[in-house]
Q: 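This is the structure I have questions about; it appears just below.
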Amino acid sequence: MKINDNFEKLPESYLFSTVAARLREYREANPDADVIRMDIGDVTLPIPDAAIQAMHRAVDDMAQKSTFHGYGPEQGYAFLRDAVAANDYAPLGVDIASDEIFISDGAKSDLGNLGDIYSRDSIVAVADPGYPVYVDSNVIDGRGGSLADRHWSRFVYLPCSEQNGFKPVPPTEHADIIFLCSPANPTGVAFSRAELKAWVDYALANDAVIVYDSAYCAYITDPDVPASIYQIEGARQCAIEIRSFSKTAGFTGLRCGYTVVPHSLFGFDEEGNKVSLRKLWLRRQTTKFNGASYIIQRGAEALYSDEGKKQVRANVEYYLTNARLIRESMSKAGFTVYGGDNSPYIWVKSPNGEPSWELFDTCLKRVNISCTPGVGFGDAGEGFIRLTGFNTFENTKEAMRRFLSYFQQ
Ligand SMILES: *Cc1c(COP(=O)(O)O)cnc(C)c1O
């Protein structure tokens, strides 16, 4: 048999393995060094108790003939889809019906799987730097073209820089599928209403679809930053929104998220006929997916109880407190910083224009702090590093004390 050649085109992803290797090397050479991990991209607090209790009950349901659950609906149980519509959308004044919500085993799967419903010829636009899944999953599907100078020939790159505050702006070229992430990983910045409106207008004018990755929406604190793209007029005609319980409720190891595909969203077939994307996604899911686990969906439902909401809020506030401390301390230490107010991520500029990996080495060797080199998220990330608020408050405080004592003039 012949393989999907696109896998051979994909370069190895060295970012996290190289970070880990350099850390290992440094610790071996300096066994007494107390390295603090500020590169963590995973949550560290346990699951909110409301979800734990609900999952215990759901396990017991599985033990009784009368409450046992086998295959569930591919789209997700109505109890969870109703809770999402009522709690994540209705309070925003956004009209999303529960049959427009598709529960999944996480945002990453959906981001990749959505490639099944759009043409292989689609022109994909991605932010640089950005979450690597957008690029790699589309390359696997055959939408990348060829790779030269670390850029795929068929992609439209949306450069993010200090000039645009690391927020991508609509390009002059046409794109069919646009991946937007707000609040963004890795830069931590989020679109205002006006900035997002420009994207919705672009998508409507180009018959394009925005795939809106809103994995960090729970971290938004600024009232001018929309929690959902559907708060922008016209978005129901051009946007798919993807959310996850991973970064909001610590579900990274449990696996649950959802994707919203409105009834009012259409694409075109070969003959130019309008086709409902929701219908295609439903068909895709019913064919290739058998639903997320009943137990996990009961856990996710409990996050919307009064107790659950309070516990989720407390976890998010904990990480945001760390992020604020990082942002303020790094500024005080003389760094230019972005993000950290609507996001657990802080994007830090090299003070003297050093490349990302050089600043990584300085942080590791001088203050025993690990970070993620920005260049690993795309060429436009060169000269930056990413710090995260996912460590403990105590470790974050100690890390910031070190930065201040070493870098502050
Ligand atoms: C962590 C992350 C996800 C993945 O979420 P899962 O639901 O755990 O698959 C998606 N998008 C971004 C930007 C992320 O940082």
Side-chain angles (χ1 to χ4, degrees), residues 13 15-16 19 39-45 47 51 76 80 84 88 101-115 124-138 158 160 166-168 177-191 210-220 225 227-229 239-260 285 289 291-293 296-297 299-300 303 312 315-316 319-320 323 338-340 342-347 372 374 376-378 381 386-390:
S13 166
L15 178 62
F16 295 101
V19 168
D39 59 313
I40 308 174
D42 195 354
V43 292
T44 51
L45 293 172
I47 309 292
L80 181 53
V84 168
D88 286 346
I101 296 162
F102 295 77
I103 308 297
S104 71
D105 62 354
K108 194 181 192 178
S109 325
D110 285 354
L111 283 162
N113 293 339
L114 276 166
V124 171
V126 288
D128 176 12
Y131 186 57
V133 177
Y134 313 142
V135 169
D136 291 1
S137 62
N138 280 292
L158 308 166
C160 300
F166 287 96
K167 292 181 256 192
I177 314 288
I178 304 134
F179 286 85
L180 296 180
C181 184
S182 178
N185 183 4
T187 59
V189 303
F191 288 122
I210 295 171
V211 178
Y212 196 68
D213 184 345
S214 191
Y216 296 94
C217 62
Y219 291 83
I220 294 170
V225 170
S228 165
I229 194 170
I240 291 173
E241 182 161 287
I242 301 185
R243 289 194 183 184
S244 167
F245 297 104
S246 285
K247 311 306 184 345
T248 59
F251 272 42
T252 51
L254 287 177
R255 313 305 307 141
C256 197
Y258 62 85
T259 286
V260 179
Q285 290 296 77
F289 185 58
S293 149
I296 307 298
Q297 291 189 65
L303 300 171
V312 167
N315 284 11
V316 169
Y319 298 133
L320 275 174
Y338 295 86
N342 295 298
S343 162
Y345 298 126
I346 298 89
W347 189 240
T372 312
F377 298 98
R386 189 192 72 177
L387 298 178
T388 89
F390 286 132

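One-based numbering along the sequence shown. Remember, it's 1-based here, ligands and their atoms both numbered in the order they're listed.
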Q: So, the side chain of Ser182 versus the backbone of Phe191: is there a donor-acceptor pair under 3.5 Å, distance only?
A: yes

Q: Show me, by chain and number, every protein residue that has a heavy-atom distance under 4.0 Å to ligand 1.
A: Gly106, Ala107, Lys108, Tyr131, Tyr134, Cys181, Asn185, Asp213, Ala215, Tyr216, Ser244, Ser246, Lys247, Arg255

Q: List the atom of Gly339, the atom of Val189, and the distance in Å for their closest heavy-atom pair.
A: N-CG1, 4.0 Å

Q: Do we see a donor-acceptor contact under 3.5 Å between the side chains of Ser109 and Asp105?
A: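 Result is yes, a qualifying pair exists.
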
Q: Report yes or no: do Tyr216 and Tyr345 form a side-chain donor-acceptor pair below 3.5 Å?
A: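 There is such a pair between these side chains.
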
Q: Applying side-chain hydrogen bond (donor to acceptor under 3.5 Å, both in side chains), name anything that partners Asp136, two or more places apart in sequence or on another chain.
A: none

Q: Is it true that Asp213 and Tyr134 share a donor-acceptor pair across their side chains at a distance under 3.5 Å?
A: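 Judged by distance alone, the side chains do pair up.
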
